[in-house]
Amino acid sequence: MAGTSGKSTHPGSLSVVIIGSGPAAWAAAIYAARANLRPLVIEGAVTEENRLKGTLPLGQLALTTEVENYPGYAAGGLAEYLDSAIDADRRKYMPPHGGHGISGPELMELMRQQAVNFGTEILTDDVVEVNFRKRPFELTCLEGRRLKSQSVIVATGARANYLGLPSEERFKNQGVSACAVCDGALPRFRNRPLVVVGGGDSAMEESTFLSKFASTVYLVHRRDAFRASKIMADRVLANKKIQVKWNSIVDEVLGSDEQGVTGVRVRSTVDKAKHEELAVSGYFAAIGHTPNTDFLGGQLELTEKRYIKWTTPARTYTSVEGVFAAGDVADDYYRQAITAAGSGCMAALDAERWLASKGFH
Ligand SMILES: Cc1cc2nc3c(=O)[nH]c(=O)nc-3n(C[C@H](O)[C@H](O)[C@H](O)COP(=O)(O)OP(=O)(O)OC[C@H]3O[C@@H](n4cnc5c(N)ncnc54)[C@H](O)[C@@H]3O)c2cc1C
């Protein structure tokens, strides 16, 4: 089994397969493993395509540096703890500990290790096709492996959309972000001018949130009117700290290796020759997210925005009995590590109870 934490002990049908590798998947695995369900996590493949999309194993949180809002990790040195908690084989490839609370990659490695400690098996591959019409369900992986499982937890997350500029990529974690709630309070953004790109509800939310910390927020939008709901747009327009740059796009993020982002170049969408440079310390892309649901081939009911639909309030049930969804793949609203982990726990409990009700152990 490529990239597993151990040899497969399940040549036949599994009880529960968890697809994904963010906080939702690992929380689900920890609960399922402790309930003796012997879960298999299919954590995603290490491919160039996944690197470019931002969907490598360990999920969205592994793409960020400091995580200051996950309960239990107050500021302080964790180096020794990390050395003792995480397998040496993986620890040696992790970035050095920054000496301040916990980083995204560290938190994700700890979650993964905790799942492994309770007997979770891991397959480092992408699920490319599912068959939820058959029971047990069938899953096909990129490398050709086929697996059968009585229940499935989909925790494949949603990736943040960026404009696709090479300069955005260059300054990720050095002033470029796609999550104001996550990063807005970091020291590098406080009392500094920032820029937000977008014109929908998320852009309104992100710029309003950032205006609490920033000296000025420039909101760059390519049209002359927002797509956002009127109430949210009005809130932005009434906010004295937010300056809207209408009919404009960011065509370059400016900066240096030492300082990270120092500005952006903004070009008019009406008069292509017209451009200006804005001095900012941070750039926030707020142009939506893409849920990782294509591989489901339309076999689960999705929302308009292609997120998996939870069919029962406060449960992780999907439109197919025995298939559960957790984390950002089913949540276009909260999108936080703690909420993803919380719904991962719920999905494992839902799966366990469903398996028991069907007489599967
Ligand atoms: C820049 C940035 C900074 C952030 N900072 C914070 C923060 O400080 N605090 C916070 O609480 N939240 C933060 N977030 C949000 C947080 O990362 C997400 O809410 C959380 O990671 C969602 O977890 P998840 O388990 O639903 O999925 P994800 O973390 O998105 O992980 C899903 C993973 O599943 C795997 N996968 C996808 N498709 C397949 C498939 N077909 N087969 C197999 N595997 C697959 C991929 O590896 C994918 O990355 C941040 C997000 C970003 C983008």
Side-chain angles (χ1 to χ4, degrees), residues 3 17-29 40-47 49-51 53-71 73 101-105 107-108 111-112 122-130 139-143 145 147 152-162 168 171-186 202 206 282-286 288-297 307-308 316 325-345 347:
V17 168
I18 298 160
I19 313 172
S21 54
W26 300 121
L40 171 72
V41 170
I42 306 181
E43 67 174 346
V46 181
T47 59
E49 193 188 337
N50 279 340
R51 193 189 68 76
K53 282 199 303 189
T55 54
L56 281 172
L58 298 184
Q60 294 279 288
L61 207 64
L63 302 175
T64 194
T65 46
E66 289 111 294
V67 179
E68 295 186 323
N69 53 9
Y70 197 88
Y73 293 98
I102 192 139
S103 73
L107 184 53
M108 294 318 303
M111 289 190 197
R112 185 185 191 277
I122 300 171
L123 174 60
T124 306
D125 206 347
D126 278 341
V127 174
V128 290
E129 206 178 311
V130 298
L139 307 172
T140 307
C141 295
L142 186 65
E143 290 180 20
R145 182 178 295 269
L147 298 153
V152 171
I153 296 174
V154 183
T156 47
R159 55 192 191 270
N161 298 334
Y162 289 88
E168 271 179 326
F171 294 116
K172 275 185 187 165
N173 285 326
Q174 281 191 287
V176 167
S177 175
C179 184
V181 176
C182 315
D183 294 338
L186 295 175
S202 354
E206 304 268 298
Y283 163 99
F284 287 79
H289 286 74
T290 304
N292 301 314
T293 50
D294 283 357
F295 73 101
L296 296 169
Y307 286 76
I308 297 175
T316 60
D328 288 8
V329 74
D331 172 16
D332 70 350
Y333 189 73
Y334 294 109
R335 284 199 290 253
Q336 291 297 293
I338 181 75
T339 50
S343 68
C345 153

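Whatever order the structure lists them in is the order used to number ligands and atoms, beginning at 1.
The protein atom (non-hydrogen) at minimum distance from atom 48 (C) of ligand 1 is Thr156 O, 3.9 Å. Closest to atom 10 (C) of ligand 1 among all protein heavy atoms lies Gln336 OE1, 3.2 Å. If you check which protein heavy atom lies closest to atom 29 (O) of ligand 1, you get Gln60 N, 2.9 Å.
Ligand 1 has no atom lying under 4.0 Å from any heavy atom of Tyr70. Proximity of Asp125 to ligand 1 is established by a heavy-atom distance of less than 4.0 Å. The shortest heavy-atom distance from Leu63 to ligand 1 is not under 4.0 Å.
At a heavy-atom cutoff of 4.0 Å, ligand 1 is contacted by the side chain of Ala340 but not by its backbone. Using a 4.0 Å cut-off between heavy atoms, Asn69 contacts ligand 1 through its side chain alone, with no backbone atom that close. Contacts with ligand 1 closer than 4.0 Å are made by no heavy atom of Lys172, backbone or side chain.
For atom 2 (C) of ligand 1, the nearest non-hydrogen atom from the set Ala180, Cys179, Ala62 comes from Cys179. Remark: among candidates Val127, Leu142, Leu61, Leu56, the nearest residue to atom 16 (C) of ligand 1 is Leu61, based on non-hydrogen atoms. The option from Pro23, Ala337, Gly104 that lies nearest to atom 21 (O) of ligand 1, judged by heavy atoms, is Pro23. In this structure, of Gly157, Cys141, Ala185, Ser21, the residue bringing a heavy atom nearest to atom 33 (C) of ligand 1 is Ser21.
Taking any N or O of Thr55, backbone or side chain, at least one lies under 3.5 Å from an N or O belonging to ligand 1.
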Exercise for review: Walk me through it: do Trp26 and Val41 pass the test side chain to side chain contact (heavy atoms under 4.5 Å, CB included)?
Suggested key: CA-CA 8 Å; Trp26 300 121; Val41 170; 3.7 Å; yes

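Here Phe295 contributes atom CZ and Thr156 contributes atom OG1; the two are 4.0 Å apart, rounded to the nearest 0.5 Å. Taken from OH in Tyr70 to CD1 in Ile102, the straight-line distance is 10.0 Å, to the nearest 0.5 Å. Rounding to the nearest 0.5 Å gives a distance of 7.0 Å between OG of Ser21 and CE of Met108.
Between Glu49 and Asp126 the shortest side-chain heavy-atom distance does not fall below 4.5 Å.
The distance from ligand 1 to the heavy atoms of Arg335 drops below 4.0 Å at these ligand atoms: 15 (C), 19 (O).
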